[in-house]
Every structure is written in structure tokens, then in C-alpha cells.
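Every chain is numbered from 1 and lettered A, B, ... according to where its sequence line falls, protein lines coming before strand lines.
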Amino acid sequence: MEVDQVVPLPRLPRVAVCGGTHGNELSGVYLVRELLKLQREVMKKEQEEDLKPASVLLVLSNPRAMQQCRRYVDTDLNRCFTHATLNGPLSDMAPYEIIRSRELNALLGPKGSPAAVDLVCDLHNTTANMGLCFIAYSDCDWICLHIFRHLQCVITLNLNPRSAAMEIGPQPHGVVRSNIYTAMKVGVQHMLDWVRLFNSGNVFEGGFVDVFTMVKHIDYPRDSETRNITAAIHPCLQDRDFCLLHPEDPLFQTFSGQTVRYKGTEPLYPFFINECAYYEKGIALSLARKRRVTIPAIRVQTEQEQQPNEQGFASEEEE
Amino acid sequence: MSSYNNTARFSEARRVAIFGGTHGNEMSGVTLVNLWTKNGAEIQRKAVEAVPFITNPKAVEKCTRYVDTDLNRAFTPENLSAPGGNNLPYEVLRAQEINRIFGPKGSPEAYDVIFDLHNTTSNMGCTLILESSKDYFNLQMMNYIKKAMAPASCLVLLNEHPLLKYSTSRSVAKHPVGLEVGPQPQGVLRSNIFEAMRVILKHALDFIELFNEGVEFPPCTVEVFRVLERIDYPRDANGNIIAMVHPNLQDCDWEPLNPGDPMFQTFDGKTIHYQGSGTVYPTFINEAAYYEKQQAFITTRRETLVASAIKKA
């Protein structure tokens with residue numbers, strides 16, 4: 001392997017793992033609680049194996065929503081991290097989650113500053129049959145793409161980035177399923193192991209990664225007056241996340257038994273099929289294109305290579 | 001002393017209600033009742049007045065199980081007679097209203113049959129819930145439904161346990177029937193679950209129509225699962241859950257659980273085994289709404305009930 005083809009990247013001394021951003025997505029809630037309990041043993045192991053420690057910040061993002069076992073109290077915390085929301089004026093009556101997002105920004109960031117944590121992994125569950133899925137920041141984020149490749153799971157790219165998210169389903173909200181919990185636990189362990197190896201100088205070979213980029217959402221057919229849904233996800237589509245959807249394939253089945261078909265011209269990959277929390281957002285399923293992204297070999301920068309980082313986090317606005 | 005040789009006579013079951021939204025986030029019932037309120041052709045039968053009804057509209061609007069308190073536990077004698085008007089919890093007021101319209105509970109004016117539509121996150125398939133082993137009308141109806149659905153499964157859960165039974169919204173009627181179909185996440189509508197519930201109701205209404213026409217149903221036996229015990233999650237001193245339903249038990253509703261079988265798995269991977277004295281049949285395994293009710297699953301035992309012949313009086 002050509003040494004000069006390996007891209008050196010800054011060290012990742014600070015990693016954050018967040019659970020309970022949505023208070024009823026329980027794998028992350030229970031996992032972060034368990035990791036907080038085990039944190040001392042983890043640090044001890046790092047010292048024994050003489051690995052450069054990564055400091056892991058464990059965060060329960062939305063404690064009030066967790067206490068009520070609800071997605072959110074006033075507003076969706078996972079939509080509160082835009083530049084405008086974080087920096088705009090704050091009234092006395094501000095929604096709980098807006099106040100919380102600023103507290104989290106101070107703890108993890110502030111966003112765009114050199115003091116920010118280097119990697120955030122936000123833990124989520126979905127009622128959709130998506131398996132273990134990563135939602136990454138951008139296709140140039142080689143750290144995240146290497147981690148995901150290491151984990152060998154499905155990767156989707158979110159056009160509206162905030163941080164890397166680990167999404168596992170299917171699991172009903174308010175329920176903890178042991179197989180889903182274990183998958184998330186293993187995923188987080190592998191991610192933290194990868195970070196330690198990276199920080200210790202390991203070279204990770206380049207290659208290809210298949211990513212899914214969101215193109216559009218499709219809403220349920222609705223009654224024009226009441227806005228109630230008039231059809232359910234078709235049985236042929238239910239649970240078939242990431243299986244290619246072709247033009248004319250069934251999308252919905254109306255309550256009177258008729259099939260509503262996909263009228264797009266391009267075959268696309270459906271995901272977040274029948275996610276409970278998206279009914280109110282007008283999303284029955286999302287559609288993505290799949291493409292292959294090339295990632296270079298990477299390793300951590302040596303001390304000589306380290307320069308004052310111009311950590312320009314582009315200011316991302318929610319669309 | 002009832003004799004299975006005699007034909008039990010029941011008055012015509014003319015007044016029938018179909019309740020949806022008793023829990024506002026159990027979507028099959030909400031959707032079916034809204035559908036039939038708009039167009040009730042599908043639920044029409046000769047000599048039957050079938051009324052679709054949303055029992056907890058505020059909870060349905062918020063897509064939550066309940067607003068103040070669980071409506072499906074609210075139909076106690078104390079609640080139904082409680083004074084206090086608008087100071088009462090929302091669901092207690094609703095219970096009193098429902099009792100006025102479809103009851104009064106225990107009186108001759110009460111509705112003949114109420115079907116109460118529910119979903120569960122547990123892998124229970126199609127389940128009918130029976131509140132009395134002596135209700136031969138209901139037993140005959142459930143026998144009819146099971147045979148009509150075969151080979152598809154439809155099981156009967158009997159909750160006659162003096163401590164674990166509860167005052168359901170359907171208990172206002174002379175013949176209360178619970179329909180529980182899962183698995184389905186709260187707040188989600190799955191097409192297969194929706195259609196299954198629809199089919200159960202179709203057969204139920206067919207039975208009532210036949211009965212009202214004067215058909216005599218001969219004696220029958222019905223296999224039921226009788227509720228024995230509620231099993232909670234292991235918890236720490238602060239009441240926090242410290243283990244999950246074991247992967248070997250998850251989704252295994254109605255399958256035998258033997259002493260020594262895995263039951264829970266702690267968050268650090270240890271197995272906790274079932275310590276009962278005999279084989280039981282667990283159900284309501286990992287129902288989301290029951291975490292707060294201290295219930296990981298319930299145990300049942302299999303029993304065969306006998307119903308005498310029935311005929312319209």
C-alpha cells in the first residue's frame with residue numbers, strides 16, 4: 001500500500017454517546033445508563049492495555065421526556081440543533097427542548113468551536129424494519145464512513161446533518177427488546193474500539209462504501225377534510241426497508257382494499273417505512289438513492305502533522 | 001346448578017357496540033371505528049344495531065394511551081358513582097358517560113354485547129378476551145369465531161382472576177368481548193393487523209345475526225388460557241428495570257415456559273431463569289403499556305371450558 005495515499009486526520013480525543021434524545025426510544029436510554037455504570041471499568045481496561053484513551057462523554061439528552069416515556073415534552077429535541085435555534089433569542093416561555101438543546105450544545109460543543117467534542121453518536125430506535133443503520137453527516141466525513149464500514153451495517157446520509165446517529169429497528173417505542181439492545185451495545189463497543197485503534201495510530205485501508213442518500217418523503221393518502229389517513233402501508237411494502245421499490249410497485253392499501261402504487265419514474269430505496277413518529281410529520285416512508293462512495297486509507301496525524309485545526313463546521317440550516 | 005344438557009336461553013342480542021380508541025394509540029380500533037362511523041355498511045346485520053364508538057376521543061387526538069388515567073381500568077363501582085363533576089379525571093368522566101349511554105352496568109337496560117378493540121406490542125396474534133367462564137353466549141361466539149378463522153389462529157384469554165381482573169370499558173355490557181391483536185407498535189397502523197381485526201369482527205357479527213335468527217348452537221368445548229399470575233421485571237432498589245425479557249422468551253407468547261427456562265437477561269448479559277413449579281403459558285410478553293403497571297408478562301394455564309347449547313329466548 002502506498003504510504004503517501006494514506007490521509008492523516010486529526011485525533012479524536014473526545015467522543016460523546018447520547019441516549020434518550022427521544023424519551024421513548026429505550027435502547028439508547030438503557031444502554032447509556034448501563035455504560036455510565038460501567039465507565040470506571042472501561043477506563044481501567046484502557047490503562048491495562050496501554051491504549052491511548054478516548055474520553056467518552058455519556059449523555060442522557062432528554063431526561064424529562066425519558067421520565068414520561070414520550071418522544072418529547074414540547075418539541076422534538078432532534079430538530080433543535082440548527083444554528084438559528086441555538087443562537088436566537090430565548091424567551092421565558094421557551095419550549096423545554098430548546099432550553100435543553102442549548103445546554104447540550106454547551107456540554108458537547110459549542111458547535112463550530114475548537115472545544116467541541118470530536119465525534120457524537122446519537123442513539124435511536126425506529127418502528128421501521130431498518131436493522132442497524134447509521135445516519136452520517138456527509139459523504140466527505142471519512143471518519144464516520146470508516147466507522148460504519150468497520151461495523152458493516154447500512155449507512156444512510158441525511159441531507160440535514162447534525163451528528164452521526166445510530167438507528168436500530170424494528171422496536172416499538174416504549175419497549176426494550178433484548179436483541180435490539182444487544183445489537184446497539186455491540187455497535188457502540190465496536191465504534192469506541194475503532195476510535196481507540198485510530199487514536200493509537202492504526203491505518204485503516206481505503207475502499208468503497210455504499211450509502212443511501214435521502215431524495216424525498218411520501219405521505220399517507222389522507223381525507224381532505226379531517227386529514228385522517230385513508231390507507232395503510234401495503235403488506236408487500238411493510239418491513240421491506242432498503243429493498244428496491246420500482247415504479248408501479250404497491251405503496252398503500254386503502255381501507256376499502258384498493259392498491260395505491262408508486263408513481264415515480266426512478267426506482268428508489270424505501271426506508272423509515274411506517275415509523276410511528278413520522279405520522280405527525282406527514283411521512284409514511286422516505287426514498288433514497290444508493291451510490292458508492294470511495295474513501296481513502298486514513299490514519300491519525302502525527303504530532304508534527306498536527307496544525308491548529310480550522311474546524312470550520314459549516315453552518316447547517318434545517319431545510 | 002347448570003347442566004350442559006339444557007339449552008341456555010338468551011334474549012335477542014340486538015344492541016351491539018364496537019369500541020375503538022379505549023387506548024388512544026392502539027390504531028386498528030381507532031381506524032375501524034372511524035371508518036364505520038363514516039360508512040357502516042360493513043357492520044350492518046339483520047336484526048342487529050351495531051354502533052361504532054370512540055371511547056376516549058381526547059387520548060385518540062393526542063395519540064396517547066390515556067390523558068389522566070387508564071380508561072380500561074376506570075369502570076369500577078366507585079368511579080361510576082363518584083360525585084364531583086368536572087373535578088374528576090377525564091377518563092372517570094368518560095366512564096360515567098359511557099355507562100349512561102351503553103349501561104348502566106349490571107342493569108337490564110345495558111347493551112347486549114360490546115366489542116372492545118385493542119392492539120398490543122406483544123406477539124399475541126389474534127386473541128379474544130373473556131371475563132367469565134360461565135358466559136355461554138360469549139363462549140359459543142368465541143367457538144364460532146375460532147372455527148371460522150381456522151386454520152388461522154385465534155386464541156381465548158380468560159381473565160377471571162380475583163386480583164388481576166379489572167373493570168374494562170366493555171364490562172358495561174351483558175356480554176363483554178375484548179379483541180386484542182398484535183404485535184403492533186403504539187401509534188402505528190399495520191395493514192395485516194388491521195385486516196385481521198376486521199375479519200374477527202365480521203365473524204362475530206355473523207354469529208350474532210345467526211343467533212338472532214333463531215339458530216340453536218349445540219354444546220361445545222372451547223380451549224382457553226386462564227390468567228394465573230403477573231410477573232414483573234427485576235428492578236433495583238430505586239424501582240428501575242435491571243433486565244429485559246430474554247431473547248428466548250421474547251415473541252414466544254402462548255408457548256410453554258418450563259421451570260429453569262430463560263426468562264430475563266440483565267443489561268450486562270446474565271440470564272435469569274423461571275422459578276415456577278410447573279409449565280405455564282406466558283402472554284402479554286413485553287407490552288409497552290405494562291412497564292408502568294409492573295408487568296413484564298402474565299402466566300396462564302390451558303383449560304377446556306364447556307358451554308351448553310344456546311338459543312334465542
Side-chain angles (χ1 to χ4, degrees), chain A residues 24 26-27 29-35 37-38 41 68-71 125-128 169-183 185 220 223 225-226 228-239 250 252-257 259 273-280 284, chain B residues 25 27-28 30-32 34-39 41-42 60 62-65 119-123 182-195 198 233 236 240-251 262 264-269 271 285-292 296:
Chain A
N24 56 6
L26 294 191
S27 303
V29 170
Y30 282 102
L31 182 58
V32 168
R33 281 192 186 146
E34 185 68 13
L35 290 176
K37 222 172 87 177
L38 295 173
E41 281 118 89
Q68 298 178 31
C69 200
R70 293 167 58 176
R71 182 176 177 86
N125 291 118
T126 173
T127 57
Q171 179 172 271
H173 298 315
V175 161
V176 62
R177 288 181 66 99
S178 46
N179 60 331
I180 302 286
Y181 173 87
T182 301
K185 182 172 167 184
Y220 290 95
D223 180 283
E225 279 172 35
T226 61
N228 288 335
I229 65 173
T230 55
I233 295 283
H234 196 279
C236 292
L237 177 60
Q238 179 69 56
D239 300 334
F252 302 108
Q253 186 172 73
T254 69
F255 303 139
S256 52
T259 299
I273 300 173
N274 210 350
E275 161 53 49
C276 166
Y278 288 176
Y279 282 54
E280 71 174 20
Chain B
N25 53 9
M27 302 305 292
S28 303
V30 172
T31 307
L32 282 170
N34 283 339
L35 197 67
W36 291 329
T37 302
K38 207 166 162 192
N39 180 353
E42 197 179 327
V60 168
K62 294 182 169 195
C63 197
T64 187
R65 182 176 175 86
N119 293 119
T120 174
T121 57
S122 305
N123 188 27
Q184 180 172 269
Q186 297 166 345
V188 163
L189 183 72
R190 286 181 67 103
S191 174
N192 60 330
I193 301 288
F194 171 82
E195 291 297 332
R198 200 175 194 171
Y233 292 95
D236 65 18
N240 296 318
I241 289 174
I242 55 171
M244 314 165 277
V245 171
H246 195 277
N248 287 17
L249 179 59
Q250 178 68 54
D251 299 335
F264 296 110
Q265 184 178 73
T266 64
F267 293 117
D268 54 2
T271 298
I285 299 174
N286 209 349
E287 160 55 50
Y290 290 169
Y291 282 50
E292 70 173 20

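- With a 4.5 Å cut-off on non-hydrogen atoms, B:Gln186 touches chain A through its backbone and its side chain both.
- Of the listed residues B:Arg198, B:Glu195, B:Glu292, the one with more heavy-atom pairs under 4.5 angstrom with chain A than any other is B:Arg198.
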Next on the checklist: Between B:Ile242 and B:Tyr233, is the side chain to side chain contact (heavy atoms under 4.5 Å, CB included) condition met? List the steps.
Outcome noted: CA-CA 7 Å; B:Ile242 55 171; B:Tyr233 292 95; over 6 Å; no
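- At a 4.5 Å heavy-atom cutoff, the contact between B:Leu35 and chain A is made by side-chain atoms alone.
- Heavy atoms closer than 4.5 Å to chain A are found in both the backbone and the side chain of B:Ile241.
- Counting heavy-atom pairs closer than 4.5 Å to chain B, the top-ranked of the candidates A:Ala277, A:Pro170, A:Pro235 is A:Pro235.
- For B:Thr31, the part lying under 4.5 angstrom from a heavy atom of chain A is the side chain only.
- The shortest distance between side-chain heavy atoms of A:Val176 and B:Tyr291 falls below 4.5 Å.
- Proximity to chain B is absent for every atom of A:Leu31, based on heavy atoms less than 4.5 angstrom apart.
- Of all non-hydrogen atoms in B:Arg190 and A:Asp239, the two that sit nearest each other are NH2-OD2, 2.8 Å.
- Residues A:Ser27 and A:Tyr181 approach most closely at O-CD1, 4.0 Å, considering heavy atoms.
- Per-residue heavy-atom pair counts under 4.5 Å with chain B were compared for A:Arg70, A:His234, A:Gln238, and the maximum is reached by A:Gln238.
- Of all heavy-atom pairs between B:Pro262 and B:Leu249, the closest is O-CB, 4.2 Å.
- Of all heavy-atom pairs spanning A:Gln171 and A:Asn125, the tightest one is NE2-OD1, 3.1 Å.
- For A:Phe255, the parts sitting under 4.5 Å from any heavy atom of chain B are the backbone and the side chain alike.
- Between A:Tyr30 and B:Phe267, the ring planes are parallel. Angles under 30° get that label, and only those over 60° would be called perpendicular.
- Proximity to chain A (any heavy atom under 4.5 Å) is shown, for B:Asp268, by both the backbone and the side chain.
- Neither the backbone nor the side chain of A:Asn24 comes within contact range of chain B; no heavy atoms are under 4.5 Å apart.
- Ranked by heavy-atom pairs shorter than 4.5 Å toward chain B, the options A:His173, A:Lys185, A:Glu280 are led by A:Lys185.
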Next on the checklist: Applying side chain to side chain contact (heavy atoms under 4.5 Å, CB included) to B:Met27 and B:Cys63, what does each step give before you reach the verdict?
Outcome noted: CA-CA 9 Å; B:Met27 302 305 292; B:Cys63 197; 4.1 Å; yes
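- For a residue to count as touching a neighbouring chain, one of its non-hydrogen atoms must lie under 4.5 Å from one of that chain's; by this rule A:Thr182 touches chain B with the side chain only.
- Of the atoms belonging to A:Asn179, not a single heavy atom falls under 4.5 Å from chain B.
- Between A:Tyr220 and the options A:Asn274, A:Thr230, A:Asn228, a side chain to side chain donor-acceptor pair (under 3.5 Å) holds for only A:Asn274.
- Looking at B:Asn286, both its backbone and its side chain come within 4.5 Å of chain A, counting heavy atoms on both sides.
- At a cut-off of 3.5 Å, with distance as the only test, a side-chain donor of A:Gln253 or B:Ser191 sits close to an acceptor on the other residue.
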